[in-house]
S.K.: 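My questions all concern the structure below.
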Amino acid sequence: MAFIDLAKQRYSERYFTEKPVEKEKLDLILEAGRVAPTGCNYQPQRIYVIQSKDAMEKAVSTKASLCGCPVVMLVCYDRNEVWKNPIDRSYDEYNCGEQDASIVAASMMFQAEELGVHSLWIRGFDSKYVSDVFNLPDNEIPVMMLALGYPSKESHPAHLHSERKKIEETVQWL
Ligand SMILES: Cc1cc2nc3c(=O)[nH]c(=O)nc-3n(C[C@H](O)[C@H](O)[C@H](O)COP(=O)(O)O)c2cc1C
């Protein structure tokens with residue numbers, strides 16, 4: 001499938017089944033994240049694969065909208081290993097951690113889609129709570145959770161999925 005078709009096919013899944021995602025598929029999804037570009041190739045991403053009962057209970061306690069998914073990738077970055085942009089004077093200490101974590105997560109999201117594994121990008125959580133509940137080291141900053149799994153019969157795109165701005169509203173050709 002052409003990438004543009006894959007990108008249009010994907011939608012945020014909010015109706016997962018309990019069916020586990022096969023280990024080989026999770027490995028491939030993680031591999032897609034591994035080869036993603038990062039600032040200066042520092043690869044500061046730190047990914048927690050949450051699927052045990054104990055870890056899932058912790059994830060549910062964060063109140064993130066997991067929607068019954070069987071597995072979640074918690075994507076963080078290590079602020080001690082992230083590339084800091086020295087020439088941008090608009091910020092005291094700009095680092096690329098959120099960008100790095102996001103491109104890693106996006107790569108995993110589209111790899112999942114190609115494998116027929118649906119996903120939901122989640123940022124609706126409290127970072128401090130997530131750090132505490134998973135006992136993350138102080139240098140690891142949680143960025144997002146990627147819920148993964150298979151769609152149930154009720155699966156459908158939410159109305160926002162079809163509400164995309166016209167290209168002229170977001171793009172300027174200079
Ligand atoms: C940065 C970001 C944060 C998001 N956080 C959440 C979230 O916490 N909960 C949720 O249900 N969806 C979340 N979403 C999914 C968006 O609501 C969704 O992508 C958007 O409405 C477009 O719909 P679509 O993904 O079906 O095309 C998030 C997406 C992004 C990119």
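Since this is a predicted model, take the numbers as computed values, not measurements. First listed ligand is number 1; within each ligand, the first listed atom is number 1.
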S.K.: Hey, which atoms in ligand 1 end up nearer than 4.0 Å to a heavy atom of Y11?
M.R.: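 Listed by number with element: 26 (O).
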S.K.: Cation over ring, R123 on F125, under 6.0 Å and within 45°?
M.R.: yes
S.K.: Starting from atom 26 (O) of ligand 1, find the nearest protein heavy-atom neighbour and note its residue, name and distance.
M.R.: S12 N, 2.9 Å
S.K.: Between R46 and E81, does any side-chain N to carboxylate O distance fall below 4.0 Å?
M.R.: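 A salt bridge links R46 with E81.
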S.K.: Regarding S52 and D54, do their side chains bring together a donor and an acceptor under 3.5 Å, going by distance alone?
M.R.: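 There is no such pair between these side chains.
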S.K.: Any side-chain heavy atom of N95 within less than 4.5 Å of one from Y77?
M.R.: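 Yes, side chains in contact.
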S.K.: Go through it in stages, so that I can follow the logic: the residues are V71 and V49, the test is side chain to side chain contact (heavy atoms under 4.5 Å, CB included), and I'd like the CA-CA distance, side-chain angles, deciding distance and then a yes or no.
M.R.: CA-CA 7 Å; V71 57; V49 183; 3.9 Å; yes
S.K.: So which protein heavy atom does atom 1 (C) of ligand 1 come closest to, and at what separation?
M.R.: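 Sorting protein heavy atoms by distance from atom 1 (C) of ligand 1 puts W121 NE1, 3.5 Å first.
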S.K.: For atom 22 (C) of ligand 1, what's the nearest protein heavy atom and its distance?
M.R.: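 Here the closest protein heavy atom is R164 NH1, 3.6 Å.
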S.K.: Look at atom 27 (O) of ligand 1 and find which of H156, H161, E163, M144 reaches it with the closest heavy atom.
M.R.: H161
S.K.: With side chain to side chain contact (heavy atoms under 4.5 Å, CB included) as the criterion, how do H118 and Y11 come out once you've worked through the C-alpha distance, each side chain's angles and the decisive distance to 0.1 Å?
M.R.: CA-CA 8 Å; H118 284 204; Y11 61 87; 3.6 Å; yes
S.K.: At less than 4.0 angstrom from any non-hydrogen atom of L160, what atoms of ligand 1 do you find?
M.R.: 21 (O)
S.K.: Counting non-hydrogen protein atoms only, what is the nearest one to atom 9 (N) of ligand 1? Give residue, atom name and distance.
M.R.: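 In this structure, atom 9 (N) of ligand 1 has S65 OG, 3.0 Å as its nearest protein heavy atom.
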S.K.: To which of R14, R123, E13 does the heavy atom nearest atom 12 (N) of ligand 1 belong?
M.R.: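 Ranked by closest heavy atom to atom 12 (N) of ligand 1, first place is R14.
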S.K.: Could you verify whether a donor N or O on one side chain and an acceptor N or O on the other, from Y150 and S155, lie under 3.5 Å apart?
M.R.: no
S.K.: Identify the closest protein heavy atom to atom 8 (O) of ligand 1: which residue and atom is it, and at what distance?
M.R.: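 Result: G124 N, 2.8 Å.
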